[in-house]
Structures are given as C-alpha cells and as structure tokens.
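Numbers here simply count residues along the sequence, with the first being 1. In each ligand, atom 1 is the first atom listed, and ligand 1 is the first ligand listed. These numbers come from the heavy atoms of this one structure, side chains and all, not from hydrogens, waters or symmetry mates.
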Amino acid sequence: MAQSDENARIEHLIDEMTLEEKVGQLTMLSGELVQTGPASAPVTSEAIRKGRVGSLLNLWGSERVRDVQRHAVEGSRLKIPLFFCLDVLYGLRTFFPIPFGESCAFDAPLWEKTARVAAQECAVEGIDLNFSPMLDVARDPRWGRTVEGPGEDAFLAGRFAEAKVRGFQAWGLSAQGVVAATAKHLAAYGAVQAGREYAPVDMSARQLHEVYLPPFRAAVRAGVAAIMPAFTDFNGVPMTANAAILRDIVRRDWGFSGVMISDYSAVAELIAHGIAADKAEAAALALNAGVDIDMMGHDTYYDGLPIALEKGLVKLETIDAAVRRVLELKTKLGLFEDPYRRCGTPSAIAATAAQGKRKDLAREAACRSFVLLKNKGDVLPLRDVQTSLAVIGPLADAKGEAREPVAAHESVAGTAIPVLDGLRKAHPNAKVAFTPGSDVVKINATQRAAARELARSSDVIVLCLGETMAMSGEAGSRGNPGLPAAQCELARMVLAQKKRVVILLFSGRPLVLPDWLVEKAYALVAAWFPGSEAGPALADLLTGRFNPVGRLSMCWPMDVGQIPIFFGARPTGRPAAANDHYTSKYLDMPNEPRFPFGYGLSYSRFELSGLRVDRAQVRAGETVTISVDVVNHGPLAGQETVLLFIRDQVSSITRPVLELKDFQKIALAAAQRGTMRFDLAAEDLSFLGPDLAPKLEAGMFDVLIGQSADRSKMLSTEIELIL
Ligand code: GLC
C-alpha cells in the first residue's frame with residue numbers, strides 16, 4: 001500500500017475512533033505468561049473486543065498470539081491489530097551471554113549477529129516488538145541491572161546500541177524475520193543512589209548529556225522504533241513525566257518520531273513519586289511529556305485521560321498524535337496487511353530453531369564474552385588431558401544461570417548446557433562434581449567434606465562460584481556484590497589443598513573479591529551468565545580450543561568503598577600521590593580497581609609498539625590517522641583488542657582523564673606482526689561547552705593506545721587541534 005494510502009487509513013481510523021478506543025490504543029496489558037512486574041490479572045478477550053487495549057506484553061507463541069489477535073481483528077469494532085512485545089535481551093530459544101557479558105567481547109559484528117538470530121526466533125513466535133537493547137551505562141555493580149547493559153562507558157554503549165538496533169530491525173520493520181527494537185531505559189537509570197534499585201537519580205545535566213544520553217542518541221540515529229523511559233526520576237522529575245528530556249531533547253532535538261512506551265506501571269507510579277495526585281494528573285503528565293503507551297498502568301491512561309481532557313489537562317490533538325504514532329508503528333510492522341505475519345507455522349519455527357549455526361553462534365558468543373582475569377604459571381589452557389580434573393562448586397551444574405528470565409517458561413526451560421556437562425565431554429575423566437544443588441548460599445558440612453576429598457584426589461580443580469540469576473537483574477541490587485559467605489568458606493578449604501585451582505566466576509556484574517581468593521587462585525575467569533552453550537564454551541576456553549579475547553566493559557572494584565569507580569573520571573586539583581598526604585586518595589585502600597576497564601588476558605602475549613600519527617596538527621573537518629604495530633609473541637594464534645583514548649590537556653571545562661574514542665581487534669598467528677590504524681576526526685575531539693552543545697577548542701591532546709584503561713601501560717603521543 002502506498003505511503004499516502006497508509007496515512008489516509010490512519011487518519012480515517014482516528015476520525016472514526018471514540019475517545020475510549022483512542023485511549024485503548026494507548027494501553028498495553030500483559031498476557032502474564034511470565035511475570036516481569038507486579039502481578040495482575042491477564043488481559044481478557046472482552047477487553048480486546050471492546051478496544052480497551054492496543055498492545056500486549058508477556059504473551060508469545062504462534063497459536064497463543066493468533067487466538068488473541070483474532071479477538072482484535074475480527075471481534076473489535078474497528079478491527080485494529082494488536083502488537084505483541086517481550087523482553088528478549090539475549091535470546092528466546094537460543095540463549096546468548098547476558099548483554100553485559102556480550103559487551104565484554106568488544107565486538108560490534110557479534111552483537112549484531114546475536115540480535116539478528118534473536119529477532120528471527122521472535123519473528124516466528126508472535127513477537128512484533130522486543131524490549132531490547134537495554135542501554136543504561138552502569139558504574140555501580142551493586143545495581144542488579146548491570147547484567148542487562150553494556151558496561152561503564154558511553155562510547156562502547158553507543159556502538160552496542162547501533163549494533164543491536166541493526167540486528168533486531170535489520171532491513172526494515174515490515175521485512176520477514178525482523179522485530180521492532182526498544183531503547184531502554186532512558187535515562188541514567190544506572191546511576192540510582194547507592195546502587196539501590198528504583199532509587200532516586202541526582203546528577204548534573206552535564207553528566208546526563210556526556211554519559212547517559214549518548215547511547216540512546218546512537219539508537220535513535222540507528223532508527224530504533226521505540227524508546228522506554230526509566231522508572232526513575234532525574235533531579236526530582238520522573239523520566240515518565242520528563243517533558244524537558246522526552247519531548248524537548250528526544251523528540252524535538254533528536255527528531256525521534258517513534259513510539260514511547262512507559263515502563264511497567266510507571267505512569268501510575270507518578271502518584272507514588274508524589275508529582276500526581278490521581279490518575280488524571282499522572283496520565284496528563286506522561287502524555288504531555290511524550291509517552292504514547294501506558295504499560296500495565298492500572299488503566300491510568302484508559303481511566304485518567306478522559307478526565308484529564310475534560311479538565312483541560314491534555315488536548316485531544318495530543319491524544320491523537322500519540323494514537324497516530326501507535327498506528328504508524330503497527331503499519332510499519334505490517335500488521336494491517338497481515339496481523340498474523342509473525343505467527344510462524346510449526347515447520348517455520350522448527351526450521352528457525354534447527355539452524356545449527358545458532359548453537360555455534362551461541363558458543364562463539366559465550367567464548368568471546370569470557371574474560372581471563374588471572375592465569376598464574378599458564379595453568380590454562382589445561383594441557384595434560386590425563387589430568388584428574390575435579391569440578392567443584394554450586395554453579396557447576398547450574399542450568400538456570402544460563403537462561404533469559406523470560407525463558408523460565410516451561411516452553412524453553414532447561415535448554416542450557418551447564419559447565420559440568422561441557423567439561424565432562426571435553427575431559428571424559430573429569431570427576432563428578434560436588435554440587436550442592438543450585439543453592440549457592442548454603443553449603444553444609446557433608447558437602448564440604450565431599451569437596452575436600454575430591455580436591456585432595458585431583459590435580460586440577462575447576463571451582464564454580466558466583467551468583468545465581470536471581471541475585472542479579474531487575475530488583476537484584478546487592479549492597480555487597482561479592483561471593484556468599486558459604487562460597488568463601490568452600491573456596492578457602494579448596495585453596496588450602498595447595499592444588500592448581502581455576503575459579504570460574506558466574507555473575508551479572510563485576511564481583512568484589514577477597515584478596516586471598518585472587519592471590520591463591522591459579523586462574524580466574526569471569527564467565528558471567530553464558531547462555532545455552534555455557535558448558536561447551538567453557539570447555540573450549542579451558543582446553544585452549546578458544547584463546548580468550550574478552551575485555552572488561554566495566555572495571556572490577558577492590559572494595560565496595562570505591563564505588564562508583566570508572567576510568568572516565570574528571571581530574572582533581574590534587575591527583576593522588578603516594579608520598580603526599582594532601583592528595584586525592586583513601587587511607588585504607590587504593591584508588592585503582594582490582595581490574596581496570598578493558599582488562600583481559602589471552603593465552604598469547606601481544607605487544608604494542610611504534611605509536612605514530614600521520615599529522616601533528618588537525619583542523620576542523622580533517623582526520624588524523626593513528627597507527628600502532630602489534631606483535632603476537634605466541635604461543636597460540638589469537639586476537640588482541642586495542643583501545644584508543646584521548647585526553648584534552650587544557651580546556652574551558654574539565655575533561656575526563658581518559659575518553660574512549662575507538663576500539664578494534666586484530667587477529668595474529670603466533671610470531672605474526674600487524675599494524676592497526678585508527679581514524680580520529682577533529683570533531684571527535686569536541687566536548688560539551690557551557691551550554692551543553694558540542695564545541696571544539698584549539699589545543700593539545702594526548703592520544704593514547706592501550707590494551708586497557710590502565711594509563712601506566714599505554715603508548716602515548718600528542719596532536720594539536722587548530723581552529
Ligand atoms: C520491567 C522492566 C523493563 C521491561 C518491562 C516489561 O519492569 O523495567 O525493562 O521491558 O518491565 O517486561
């Protein structure tokens with residue numbers, strides 16, 4: 001149908017709709033197949049036939065969706081199709097690593113590929129819109145939703161945003177195998193006070209614009225179909241009602257014309273926030289701020305907007321504009337032409353899931369997400385396969401830790417391969433693991449005794465520790481993001497056996513680890529929650545079939561007392577100096593994290609040298625090419641990730657001590673040399689001036705190349721920006 005005809009259909013429907021039908025289109029209710037917010041009664045067919053709802057979440061599956069959609073397109077007065085949404089952050093049937101783990105791959109093509117597969121799986125099981133990617137920069141590992149996001153840096157988060165939107169939306173919303181993406185949760189949700197879930201957010205407008213908005217702007221530039229405001233406030237104005245950001249920045253300044261979907265009951269929660277006295281005020285605040293759809297808001301829009309209209313709190317044209325955007329989305333999704341277009345046949349579903357490359361991709365993504373944090377004496381890769389290998393610890397056979405929360409539903413439960421199975425297959429003589437079930441916080445004396453015996457009779461021990469999925473994610477903040485006491489006790493006992501111990505850490509965030517554990521372990525691997533192919537992928541890593549490439553997208557604090565801690569901090573007038581009392585440091589711990597942003601070991605030894613620039617000066621509109629030589633000293637072929645940072649030496653507003661401007665990978669065989677080139681445009685040296693608009697200032701810039709944000713190990717040169 002031509003664009004003009006589509007627009008005509010939309011305008012005709014708006015003219016035909018009653019006010020109730022209009023606010024029905026702005027209401028999203030839950031099918032309650034899974035619960036992702038406060039429990040409520042699932043949507044009814046009667047509500048659908050009456051046009052009281054325009055979209056659903058948490059209901060998927062071809063037959064289920066067909067049954068529900070039929071009530072809308074056959075049973076309602078105007079026969080407007082619903083659209084169906086789900087949280088699929090790392091897979092629906094094929095589970096990839098958690099997004100935080102994937103971000104440690106520093107690999108945009110990989111991020112796009114896994115989103116593409118997830119979209120294909122969604123697009124045959126009735127899902128039209130995915131509440132993903134989550135783009136909240138996180139610098140506080142106490143916050144449970146670190147697990148869903150792309151780490152601590154805005155630049156990396158921006159690359160992640162672009163790749164995920166491309167992956168989900170690919171070649172346009174009406175194409176086969178495509179779903180609409182949602183950039184969430186705008187914005188600064190990751191900066192909740194004290195890392196406590198849903199807590200207030202208070203920061204400067206500068207920090208919001210420098211750190212927390214850029215990933216969402218990248219998603220808008222990539223054409224993201226929807227945006228979800230955060231539950232939280234920004235300096236006293238809840239995002240759901242924040243017209244200054246949603247309407248004036250996102251819609252007006254960025255030109256976002258897609259749909260804004262509130263978070264779960266967030267419109268109703270404006271009353272709890274204390275800025276609305278009732279549903280009418282809450283509905284008016286959210287709609288006037290630009291929020292089109294009220295998700296599970298206890299009918300705040302449905303009940304509140306008619307009253308708000310009557311009271312003059314909203315205009316009918318504002319309601320119509322929101323309805324128009326919702327109908328435009330449904331048009332782009334192709335739902336008017338074919339409301340069942342994403343309800344695949346069983347054979348289509350089977351064909352999609354059966355594609356062997358999905359498992360391979362899940363295994364590769366898991367391998368690329370792992371970060372090797374320590375490898376004393378090159379204990380890894382495990383060489384002598386006859387080694388008697390013990391697999392110990394409460395997460396050795398944990399299946400749940402490899403799955404998307406949504407996939408807890410019985411239709412896909414249990415599809416993850418745990419570590420134990422993967423290691424047994426790779427090491428047939430791997431002894432039975434000591435695994436006290438999936439309870440990671442209670443390990444009794446009998447179980448400890450069994451572990452001691454197993455450890456005593458083994459040469460190498462793989463100790464599986466960390467969090468369960470339930471200790472992470474939404475409403476999963478932890479005041480002390482470390483290992484449960486029982487696990488520390490188990491680890492002390494195992495390490496006391498003086499054997500070679502490899503510790504695998506499963507978590508949705510950087511963990512605060514005790515010094516003795518880091519010192520006594522031979523190897524430490526951050527495994528995150530690795531997905532369907534957890535076991536095979538970890539076996540690939542431990543046996544050397546895969547040479548680790550992962551790098552930390554968020555630094556690991558030494559202690560909770562350092563939080564928030566991140567590499568892009570602003571300078572101080574008294575930078576830390578060990579021998580100078582009056583400088584910026586702690587009396588009782590270092591300033592530095594245990595492991596910095598970008599840190600990660602390989603089984604190969606890579607060396608950077610010969611940093612050079614093709615020009616000493618750069619003008620607006622010009623680009624400087626930065627080159628660096630890399631050699632792989634072996635022993636294995638591998639991939640190195642190289643990071644490009646800048647530091648503005650003098651500027652009218654203080655600049656972070658390091659700013660990430662690019663990252664690239666290079667694959668080299670043992671003893672092979674290569675050269676990497678980075679193009680840095682003069683505009684990449686801009687910063688936000690006093691008015692928070694991008695600004696270039698002449699002057700000298702450090703250009704730094706490194707394998708992590710540890711400046712002491714970087715190569716550095718200078719360029720001059722001339723205006
Ligand atoms: C949840 C989350 C959001 C999710 C939504 C629907 O509360 O905050 O990320 O998309 O509800 O499940």
Side-chain angles (χ1 to χ4, degrees), residues 27-40 42-43 53-60 83-92 98-100 115 118 122 126-138 143-150 161 164-165 168 179-192 196-199 201 215-216 219 224-233 238-240 258-270 272-273 286 291-298 300 404-409 469-470 472-477 508:
T27 299
M28 179 183 285
L29 297 179
S30 173
E32 289 296 284
L33 263 186
V34 285
Q35 193 180 334
T36 57
S40 68
V43 64
V53 56
S55 51
L56 267 68
L57 75 150
N58 293 348
L59 183 141
W60 76 96
F83 67 90
F84 294 80
C85 317
L86 193 64
D87 295 282
V88 182
L89 278 82
Y90 39 101
L92 181 70
I98 53 168
F100 177 61
C122 289
I127 300 163
D128 302 301
L129 180 141
N130 184 6
F131 294 133
S132 180
M134 190 273 213
L135 301 174
D136 297 301
V137 167
W143 189 48
R145 303 196 80 164
T146 300
V147 68
E148 299 175 46
K164 287 298 180 187
V165 171
F168 289 131
V179 292
T182 308
K184 72 180 185 183
H185 311 81
L186 192 147
Y189 186 2
V192 285
R196 191 176 65 254
E197 183 61 288
Y198 312 128
V201 170
F216 291 92
V224 71
I227 284 179
M228 184 187 293
F231 287 121
T232 44
D233 71 337
M239 288 310 301
T240 306
V259 168
M260 278 192 196
I261 304 171
S262 84
D263 204 337
Y264 200 109
S265 74
V267 177
E269 290 168 10
L270 294 178
H273 272 288
V291 176
D292 299 310
I293 292 179
D294 170 21
M295 178 203 295
M296 285 301 287
H298 312 293
T300 301
E404 176 103 39
V406 162
H409 188 266
M469 182 65 91
S472 188
E474 184 173 355
S477 288

Interatomic distance, M295 atom CE to T300 atom OG1 [nearest 0.5 angstrom] =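 Answer rounded to 0.5 Å: 13.0 Å.
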On the 0 to 90° scale, with breaks at 30° and 60°, tag the F231-Y189 ring pair as parallel, tilted or perpendicular.
->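 If you compare the ring of F231 with that of Y189, the planes turn out perpendicular.
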Hey, are Y264 and E269 close enough side-chain-wise for a donor-acceptor pair under 3.5 Å?
->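 The answer is no; no qualifying pair exists.
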Intermediate values then yes/no, side chain to side chain contact (heavy atoms under 4.5 Å, CB included), L89 and S132 = CA-CA 6 Å; L89 278 82; S132 180; 3.9 Å; yes
Return the set of residues passing side-chain hydrogen bond (donor to acceptor under 3.5 Å, both in side chains) with D294 (not counting sequence neighbours), or none when no residue passes.
->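 Scan of D294 (side-chain hydrogen bond (donor to acceptor under 3.5 Å, both in side chains), adjacent residues dropped) gives none.
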Take N130 and L86 through the test side chain to side chain contact (heavy atoms under 4.5 Å, CB included) and record every step on the way to the result.
-> CA-CA 5 Å; N130 184 6; L86 193 64; 5.6 Å; no
Under a 4.0 Å heavy-atom cut-off, what residues line ligand 1?
->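 Around ligand 1, where the cutoff is 4.0 Å for heavy atoms, the contacting residues are T36, L57, D87, F131, R145, K184, H185, M228, F231, D263, Y264, M295, E474.
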